[in-house]
Every structure is written in C-alpha cells, then in structure tokens.
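Below, read A as the first sequence line, B as the second, and so on, with proteins coming before strands; counting in each chain starts at 1.
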Amino acid sequence: MSFLQIVEGPLFYIAAAIFLIGAIWRVIGIIKIGHKRDLAPPKGSGKVGFVAGNLRHFLPRKIFAKRTWVHIIAGYSFHFGLFALLLFAAPHIDFARDRILGFDWPALPRWGFIIAAQFAFAGLIMLWVRRFSDPVMRLISDWDDHIGSWLTFLVMLTGCLALQESHNALKAIHMLFVDVWLIYFPFSRLMHAGTFFLSRGYTGATYGRKGMTL
Amino acid sequence: MMLHRLIAAIFFIALMLVSVTTINAQSVRPPGNAVNQSTDEQIGTSNTLGPDSQSKYWHDLRQGKSGLSTTGRSGGLLIQAQGEQWRLIRKNYIIKYSGWVLAAVLVILVLFFLIRGKIRLKGGRSGQTISRFSLPHRTAHWFMASIFIMLGLSGLILLLGRTALAPLIGKNVYSIFASAAMQGHNLFGPLFIVALVWMYYLFVPGNFFKMVDLKWILKGGGLIGGHASAGHYNFGEKVWFWAVAIVGLLISITGIILEFPWLSANLQLLQISTIVHAIGAVGLIAFALGHIYIGTIGMEGALDSMTTGDVDVNWAKEHHDLWYEEVTGEKSATHDQGETGHAQVYSQDKITGV
C-alpha cells in the first residue's frame, strides 16, 4: 500500500471518524451545559433573539467599522474562499463522490478555483497577521490559535501546490495535512465553525428575552 | 487433364521464383554501366524545393517569412530566431549570475554582522514607547512580506532549481518541487499586486526624497561622519520603498504577461518579460535580504515597529530624530545642526509609559 493510499484510505477514514465523533461530542457537551433559568418575566422572544443574534453578527457595528474593516474584509474573504474551495473544487467533489457520498455536483471552473483560493489565502494571512500585530489579539491568542491558523494554511497551501495533479507525492502531502487537520479540529478553536451559532444565539436569546434591540 | 494443369502450375511458380531471385540479386549490385551521381547535385537544390536552395529556404524562415506555417497564434512564423538569443541570455547570464548575486549579498551581510555586530541603542531602552506604525500599516507590511516570501521561494526554485536543486535531489524529486512551485507562483502572483497597491497607498506619505536625505547619504547613514538625521523614513528606507514600488510594478506587469500569455501574440514580448521579471525579482530579493537583516538581527529595537507598532523613545531619537521631534515637539539630543522637524507638533501624550 502506497503512502497516498494510506493517507486517503484508512488514515482518512480514521481522521474523519475522530472529526465527526469529536465534533458531535463537543456540540452535545455545550448544549448539555444549558443555562440558568431566567425568573424575570420575558420582555421579548428568546427564539427571535437567537436568530437575530446570529444574523446581526454578520454585519459590522457602525461605530467600530473604521477600526475593524481590515479584519472584517479578511474574515469574509477567508471564509467564503475556504468554503468555495472545500465544497466546489473539482478534486474535492470527485473525492467525495468516489469515497464518501456516491454522487457529485457542479464544480468551479479552474479560474474560479484560483480566485477562491486567492481570496482565502489573502484573508487567512491578514487574519493571522492581525493575531500577532493587534495588541489585544496578541494577548488573547495562544498556541491553539496559531496551530489552527497554520494547519489550515498548510492544508490550503499543499492543496493548491498539488493543483497540477501530476505528482502523487504532492497529493499525498495534502491528504496528510487534511487528516491531521480533521483530527485536530474537534479539540481546538477550529470548532468555532460548528459552535459559533450557539454562542451568538445564546447572547442573542438572552438579549431577546430582556427586550433589547440587537 | 488435371495432371497437365498441375505440371503447368508448378512450372509457372518455379519460373516466378527464379525471376524474383534474379531481380533481387541484381538490385544489390549496380549494373556495370552505372554512373555515380555527383555529391553537389544531392546537396542544395533538391527536387522538392524546385529552384530554391536549402540555405535560402532556412534563411527565409529565420527572417520570419510568412506563409510557411499557417496554424497557431504565430501563423506564418515557423522559427523565431530570437528564441535562441533569449535562451542563451537566460542560461549564460540570468541563471548563472542570479545565484551568485544572492550568495554575495548573504556573504556581505554575514561579514557586516561579524565586523559591525548588532547596532545597539546607545542609551539603552528607555521603557517609554512611541507609536510608529498603525495596525493597517503592519497588516499591509506583513501581508506583502508573506506573499513576497512565498513568491521568492517558488520563483527561485523555478529559476535556479534545475541548476542548483536537481543535481542534489535528483530530477524526479525536482520535478515535484517545480510543479508545486509553478502552481504556487501563479496562485500568489496576483496577490502580490493587491499587496503592492495597498502598501503603496499606505506608505507613500513620507517617502518622497528631501534635502535631509542628501546629508544622510553623505554620512553613509551614520556609518561615516557621525549621526545622520532622518524623518519618519531615512534614505535607505525610501530607496527600498521606491524599489518595491517601481520594480514591483515591473514584476507585476511582466508577471501578468507571463501568467496570461494569450494576452499577447508577440513571442518576443514574452521572452523580454521573463528576463525583466527574473532580473527584477532577483534584485528585489537581494534588497529584501538587507531589509530583513536590518529589521531583525541587525538593529536593536527595529522589529518592534512592525510587531507592536511602537518603538522605544531612544530608538526614535537615535535613528529618526526629526520624526521624533515632529511627533513630540521635543528636541532630541542626537539632532543635527540646522535640521528641524516639521511644524506639526504633537504633545507628550503620544509617548506611552511616561
């Protein structure tokens, strides 16, 4: 069995299982914490607040816009680029069809892939730079944040370097980083991808019950 | 009847075999009256070219005579003779000397460090800092730095890899590096243009040359002739800025031409672009090595300006005294005679840790 066959075969399935089980375990753990019962009579809807809290956070606050425009643009650039690559890159769709789902969907053309990758890289680099340049971000960041950023960067980089699809070694390196990333994901702040809606929703629901406008 | 037919058939087959054998025997031997053709008639004018000589035929091709080839973007051009010149320039000059230039710069920097050592703050760190670069400035700088490093590494693999790497790691492994480098270079190239525009927009104020820069040059940046006064940027930093801006623009334009070769049908433009792109990139990398050296291990306190955005007050006084005066309104002890900061004066609250 070649190295490529290992990293996209058994190792990938083990990593994917750890990713799924770990992520579900983390989300269930957060939900089970629950919240302290609010004895005060509600002045608004907690459910509406939950949804509003999630949606409102997608837009920058006007009073902070001047200070935060760089990382807001970088954040959108990175996340949209990453999801476009993850879900619509032709090699990913082929992989999903052949090894996981059994069906496929339309892929991005090559130029679309390149543009999505450029947005993703530009955003990720800017976000990481902010992590050590901004005094507040530097204080609240620890090794977990940096490892998460670097692992994501390496997954993206090795994937793009293998774009010519002419060498199995490059594909194998990419798959190895994918496997490591999947295993690391549930135990790190990368989990924010699956938990951000809970934290935003919790805040929104709390405000909603108190009748506060978000 | 049957017997007669059988005998006739055998006779006929035997006759044919004898004939064929006789013809074959004759074909490998020239007949006795055969005359050799002269060599002159075989070279030069041939039956297929009619009255044209072969030398004229190839001369016409080299001159780009049209009508000889009709397919492709360069229809009518079968041989582009400048391609050989381009290949020789690339092989004998660019690839040959690029590595030596970069190695020489590294050697100079190592020697400089061994002789001069780290440039330390004469007054030590004061514990007070002054803001030098904003968060957008730092983000733009590191964004450019990240892209530049990735482009520089992948570009050098493509330019020098066949000469420097392949003999060490083997052609098969090098082909993997080359494939990866090509994809990475093409991917990050357009981001360099974004970074360049962003950097230019943020950093151009304060980077125009002034009279104080002439004095800075005459004093060798402080290496000869005592302290050299400087504003927000000294002469060396300004030269670096304009080198990045101008050479970066050239690299960007030639890079676009090379990444999208279908934009132009002019093959010579592509060849010139590869040469300009390589020379400009190697020059910038060499310059960047010096920039990285002085910004990190070469000078105490310099890196702070691009990590935290704040520099020590003593660093500001010693290396950018005119800028320090501009910001604080306070005269620095290192100030040159006859030099003044700009009229815009800030209060002491620009300094933190007071």
Side-chain angles (χ1 to χ4, degrees), chain A residues 4 64 66-75 77-78 81 85 89 91 110-111 113-139 149-150 153-154 156-174, chain B residues 129 131-151 153-154 157-158 169-199 202 259-260 262 303-310 352:
Chain A
L4 176 61
F64 300 130
K66 198 177 175 184
R67 271 184 50 217
T68 57
W69 68 270
V70 171
H71 79 257
I72 285 172
I73 290 173
S77 174
F78 166 64
L85 290 178
R110 188 180 168 85
W111 60 264
F113 178 98
I114 299 287
I115 290 173
Q118 285 166 342
F119 272 98
F121 274 113
L124 181 57
I125 292 169
M126 281 194 274
L127 290 174
W128 182 68
V129 166
R130 177 172 169 261
R131 198 169 280 291
F132 69 82
S133 281
D134 186 313
V136 176
M137 284 297 292
R138 196 166 53 246
L139 277 174
S149 299
W150 272 95
F153 176 79
L154 287 170
M156 285 164 45
L157 181 69
T158 52
C160 290
L161 296 187
L163 195 57
Q164 202 171 22
E165 298 187 66
S166 57
H167 294 281
N168 279 343
L170 292 173
K171 190 181 176 186
I173 293 169
H174 175 56
Chain B
T129 58
S131 180
R132 182 160 169 80
F133 289 118
S134 68
L135 183 60
H137 279 85
R138 301 195 306 273
T139 309
H141 171 268
W142 290 113
F143 181 60
M144 167 61 99
S146 310
I147 302 295
F148 188 90
I149 288 169
M150 286 186 279
L151 284 173
L153 286 174
S154 55
I157 289 172
L158 291 171
I169 59 177
K171 286 182 180 176
N172 287 336
V173 179
Y174 171 66
S175 72
I176 297 172
F177 274 85
S179 168
M182 174 62 85
Q183 296 304 318
H185 206 75
N186 287 346
L187 181 74
F188 289 113
L191 291 182
F192 177 81
I193 300 171
V194 175
L196 187 68
V197 172
W198 192 16
M199 281 272 296
L202 286 177
E259 187 157 358
F260 306 104
W262 58 86
L303 189 60
D304 298 346
S305 65
M306 273 301 164
T307 51
T308 64
D310 301 331
T352 55

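- Contacts between Thr139(B) and chain A at a heavy-atom distance below 4.5 Å involve backbone atoms as well as side-chain atoms.
- Neither the backbone nor the side chain of Ile115(A) comes within contact range of chain B, judged by heavy atoms closer than 4.5 Å.
- Using a 4.5 Å cut-off between heavy atoms, Ala122(A) contacts chain B through both its backbone and its side chain.
- Shown here is Phe177(B), whose CZ atom has no more than 12 heavy atoms of other residues, nucleotides or ligands within 6.0 Å.
- Under a cut-off of 6.0 angstrom, the local environment of CE in Met182(B) is sparse, with at most 12 non-hydrogen atoms contributed by other residues, nucleotides or ligands.
- Here the shortest heavy-atom pairing between Ile125(A) and Phe143(B) reads CG2-CD1, 3.7 Å.
- Between Gln118(A) and Leu191(B), the shortest heavy-atom contact is O-CD2, 3.6 Å.
- Of the two parts of Phe119(A), neither the backbone nor the side chain holds a non-hydrogen atom closer than 4.5 Å to a non-hydrogen atom of chain B.
- Here the shortest heavy-atom pairing between Arg138(A) and Thr307(B) reads NH1-O, 3.7 Å.
- Shown here for Ile176(B) and His167(A), the closest heavy-atom pair between the two residues is CG1-ND1, 3.4 Å.
- Only the side chain of Leu135(B) comes within contact range of chain A, with at least one heavy atom under 4.5 Å from a heavy atom of that chain.
- Heavy atoms closer than 4.5 Å to chain B are found nowhere in Arg67(A), neither backbone nor side chain.
- Within the 4.5 angstrom heavy-atom criterion, only side-chain atoms of Met150(B), from C-beta onward, approach chain A.
- Proximity to chain B (any heavy atom under 4.5 Å) is shown, for Ser133(A), by both the backbone and the side chain.
- Smallest separation of non-hydrogen atoms from Leu161(A) and Ala180(B): CD2-O, 3.2 Å.
- Proximity to chain B is limited to the side chain of Trp69(A), based on heavy atoms less than 4.5 angstrom apart.
- With a threshold of 4.5 angstrom between heavy atoms, Ser175(B) approaches chain A through its backbone and through its side chain.
- Counting heavy-atom pairs under 4.5 Å between each of Ala145(B), Pro190(B), Ala140(B) and chain A puts Pro190(B) at the top.
- Between Leu187(B) and Met156(A), every side-chain heavy-atom pair lies at or beyond the 4.5 Å cut-off.
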